[in-house]
**Student:** 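Below: one structure in structure tokens.
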Amino acid sequence: MSAGPGSMAELTDVLDERLAGSDRELDRRYPGDAGTRQPVHTVYVPADEVTAGLPAQWGEAALELLDAGLGTAERVAEVTGIERSLAAEVLPLVREKLAREPIEDLRVDFEDGIGDRGDDGEDAIVDASADQVLAAVAAGTAPPFVGTRFKSLEAPTRRRGLRTLDRFVGRLVAGGGLPEGFILTLPKVTAIEQVGAMVSACEVVESAHGLPAGRLGFEIQVETPQSIVTLDGRSAVPPMIAAAAGRCTSLHYGTYDYSASLGIAAGEQSMEHPAADHAKAVMQVSAAGTGVRLSDGSTNVIPVGESAAVDAAWALHARLVRRSLARGFYQGWDLHPAQLPTRYLATFAFYRDGLAGALERLRAYVAQDTSGFLDEPATARALAWFVARGLQCGAVTEDEVRSGAHLDGPELVALAHPGLGGRDS
């Protein structure tokens, strides 16, 4: 028996009503990426070592190391494996980057960075480091992103961590205001309830210091087994994101704490251990579409010492950076100025290696030219976001985007994120 006239319209109305709740929940939980800039790395510095001049000092040191050890395209190709002609493209861009913006994201570290100094000692470091951040902001030398990692909300460190959080934010607000790219880091999460507690802490700190509601966002460090799998065997990441109530900006993998907590031998701990890849795969699938971004961890093999050891450490770091990028982790941690040359060489090479093809396909998509490519909207969005990331970090220039794809920066971001935070259709 065939359906009568109008039955499909009636069914649509019924289904709209039936699915309204799940539609709203989908929009709430999966708003998509906002299209704003994401730093390519986070530099963790012990709070008592932070100075207003630190970014420039790191940049100068990195430039000296670059010129001494990786100053030619031949040397870059030999050490990092980047193809020689590509190395010749990125070298001048990396030099300019290290001179202009050597650190994209600085984290003032009160956790592993300083240990237990007692309340008076840590209070003094809080005040001094916050003042140095304010001085850098006033001088125009602060990185575009800056923030602090305080001690965890586990019972032994909870009071000290909250005291540092409140005091650091208060010192910044009283001294001129929070930097635009200010972010907090919540380390060593071992219970979903700690994320909800962090939301409450942010609300209290905002109220205490006259900040707008929702001003404080935080990244969650995934560095314990309990932040991957709960005691009853469920995935912990989605409920952590939900518990953050829209304040979680990113998930950061903690290479060494996570590996050690699983009992992996020290010599085997790395960003590419199978256990690390499993944790990051869980993070990735859990965060997809939520607007929460991802960061890989760090390597503690530092390029210092004898030349052979330096070359080996640079080769390792460049390979790991490239590996993370290829797997969709567009941010990582750096621990030393000597890691900046390979951070930017590998990152810039990644974006420039795929640039020509991406621009050609974007141009064809925008012009509706189907003679060479027939890309779907989702692919076009991915291509645009790839180029936009390269543009934001300095690997790609505005002129290249205009000439290659006939787009400017805002048009590129709009193509990558049609809703600018809304869920793509």
Side-chain angles (χ1 to χ4, degrees), residues 37-43 45 51-106 136 139-146 298-299 302-304 307 310-322 324-325 330-356 386-401 403-404 409:
R37 179 181 178 183
Q38 179 181 7
V40 303
H41 69 171
T42 299
V43 167
V45 177
T51 66
L54 183 139
Q57 292 165 6
W58 274 51
E60 291 166 4
L63 271 170
E64 289 180 7
L65 291 164
L66 175 71
D67 288 335
L70 296 168
T72 66
E74 290 79 8
R75 274 291 291 163
V76 171
E78 176 188 351
V79 173
T80 69
I82 296 171
E83 196 273 331
R84 185 191 174 285
S85 62
L86 185 57
E89 279 187 47
V90 300
L91 257 177
L93 296 172
V94 170
R95 285 195 177 94
E96 188 275 336
K97 178 72 171 183
L98 291 173
R100 174 180 56 85
E101 190 181 73
I103 296 176
E104 290 198 357
D105 184 21
L106 174 65
T141 59
F145 301 91
V146 65
S298 63
T299 174
I302 307 300
V304 296
S307 58
V310 171
D311 284 358
W314 268 335
L316 173 66
H317 188 238
R319 181 173 63 77
L320 290 174
V321 171
R322 178 63 175 78
S324 297
L325 291 166
Y330 298 106
Q331 186 175 352
W333 297 7
D334 288 324
L335 308 176
H336 192 277
Q339 291 181 323
L340 297 186
T342 38
R343 169 65 62 183
Y344 290 119
L345 285 168
T347 299
F348 284 21
F350 173 76
Y351 288 115
R352 296 201 65 80
D353 191 33
L355 179 62
F386 172 84
V387 177
R389 287 183 182 277
L391 184 63
Q392 289 168 349
C393 72
V396 177
T397 69
E398 288 268 11
D399 287 344
E400 287 175 316
V401 176
S403 62

**Student:** If we only count heavy atoms from C-beta on, is the L91 to L345 side-chain gap below 4.5 Å?
**Tutor:**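 Result yes, sub-4.5 Å side-chain heavy-atom pair found.
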**Student:** Grab the two heavy atoms, one from A88 and one from A73, that are nearest each other, plus how far apart they are.
**Tutor:**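 The answer is N-CB, 3.8 Å.
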**Student:** Check step by step if side-chain contact (heavy atoms from CB on, under 4.5 Å) holds for T347 and V94.
**Tutor:** CA-CA 10 Å; T347 299; V94 170; over 6 Å; no
**Student:** Go through the steps to decide whether V40 and Y330 satisfy the test side-chain contact (heavy atoms from CB on, under 4.5 Å), and finish with yes or no.
**Tutor:** CA-CA 6 Å; V40 303; Y330 298 106; over 6 Å; no
**Student:** Are E104 and Y344 side-chain neighbours, meaning at least one heavy-atom pair lies under 4.5 Å?
**Tutor:**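 With C-beta onward as the side chain, the pair touches.
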**Student:** To the nearest 0.5 Å, how far apart are CG in L98 and CD in E64?
**Tutor:**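 Output value for this atom pair is 11.5 Å.
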**Student:** Over 60° means perpendicular and under 30° means parallel, so tell me whether W58 and H336 are parallel, tilted or perpendicular.
**Tutor:**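 Taking H336 first and then W58, their aromatic rings sit tilted (interplane angle of 30° to 60°).
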**Student:** Taking all heavy atoms of L340 and all of A62, pick out the closest pair and write down the distance.
**Tutor:**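 The answer is CB-CB, 3.9 Å.
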**Student:** Output the distance between atom OG (S403) and atom CD (E398), rounded to the nearest 0.5 Å.
**Tutor:**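 Interatomic distance, S403 OG to E398 CD, rounded to 0.5 Å: 11.0 Å.
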**Student:** Enter the distance from L63:CG to R95:CZ here, rounded to the nearest 0.5 Å.
**Tutor:**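 Atom-to-atom, L63:CG and R95:CZ are 8.0 Å apart.
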**Student:** Is there a salt bridge (Lys or Arg N to Asp or Glu O under 4.0 Å) between D67 and R75 once you walk through the steps?
**Tutor:** CA-CA 10 Å; D67 288 335; R75 274 291 291 163; over 6 Å; no
**Student:** Between the side chain of R343 and the main-chain N/O of W333, is any donor-acceptor distance below 3.5 Å?
**Tutor:**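 A pair under 3.5 Å: yes.
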**Student:** Let me confirm one number: the CH2-CD distance from W314 to E78, rounded to the nearest 0.5 Å.
**Tutor:**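 Interatomic distance, W314 CH2 to E78 CD, rounded to 0.5 Å: 11.5 Å.
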**Student:** To the nearest 0.5 angstrom, please state how far the CD atom of Q331 sits from the CZ atom of F145.
**Tutor:**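 Here the interatomic distance stands at 8.5 Å.
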**Student:** Taking the side chain as every heavy atom from C-beta outward, state whether T342 and V321 have any pair of such atoms under 4.5 Å apart.
**Tutor:**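 The answer is no; the side chains never approach within 4.5 Å.
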**Student:** Looking only at heavy atoms, which two atoms of L93 and A395 are closest? And how far apart?
**Tutor:**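 Reported closest heavy-atom pair: CD1-O, 3.6 Å.
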**Student:** Apply salt bridge (Lys or Arg N to Asp or Glu O under 4.0 Å) to residues R352 and E400 and explain how you reach the verdict.
**Tutor:** CA-CA 11 Å; R352 296 201 65 80; E400 287 175 316; 2.6 Å; yes
**Student:** Should E89 and D353 count as side-chain neighbours, where that means a heavy-atom distance under 4.5 Å?
**Tutor:**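 Not touching, per the 4.5 Å side-chain cut-off.
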**Student:** Flag the pair P303 / Q339 as yes when at least one side-chain heavy-atom distance between them is below 4.5 Å, and no otherwise.
**Tutor:**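 Yes - at least one pair of side-chain heavy atoms lies under 4.5 Å apart.
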**Student:** Is it true that F350 and F386 have ring centroids separated by less than 6.0 Å?
**Tutor:**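 Yes - the distance between ring centres of F350 and F386 falls below the 6.0 Å cut-off.
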**Student:** Minimum heavy-atom separation for V396 to L391, with atom names?
**Tutor:**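 For V396 versus L391, the nearest heavy atoms are O-CD1, 3.4 Å.
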**Student:** With rounding to the nearest 0.5 angstrom, report the CG to NE2 distance, L106 to H41.
**Tutor:**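 One gets 9.0 Å once the value is rounded to the nearest 0.5 Å.
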**Student:** Taking C-beta and beyond as the side chain, do T141 and P55 meet within less than 4.5 Å on heavy atoms?
**Tutor:**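 In short, these two side chains do not touch, never coming nearer than 4.5 Å.
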**Student:** Of the non-hydrogen atoms in I302 and T299, which two are nearest, and what is the gap between them?
**Tutor:**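 So the minimum-distance heavy-atom pair works out to CD1-O, 4.2 Å.
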**Student:** Any side-chain heavy atom of L54 within less than 4.5 Å of one from I103?
**Tutor:**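 Yes - at least one pair of side-chain heavy atoms lies under 4.5 Å apart.
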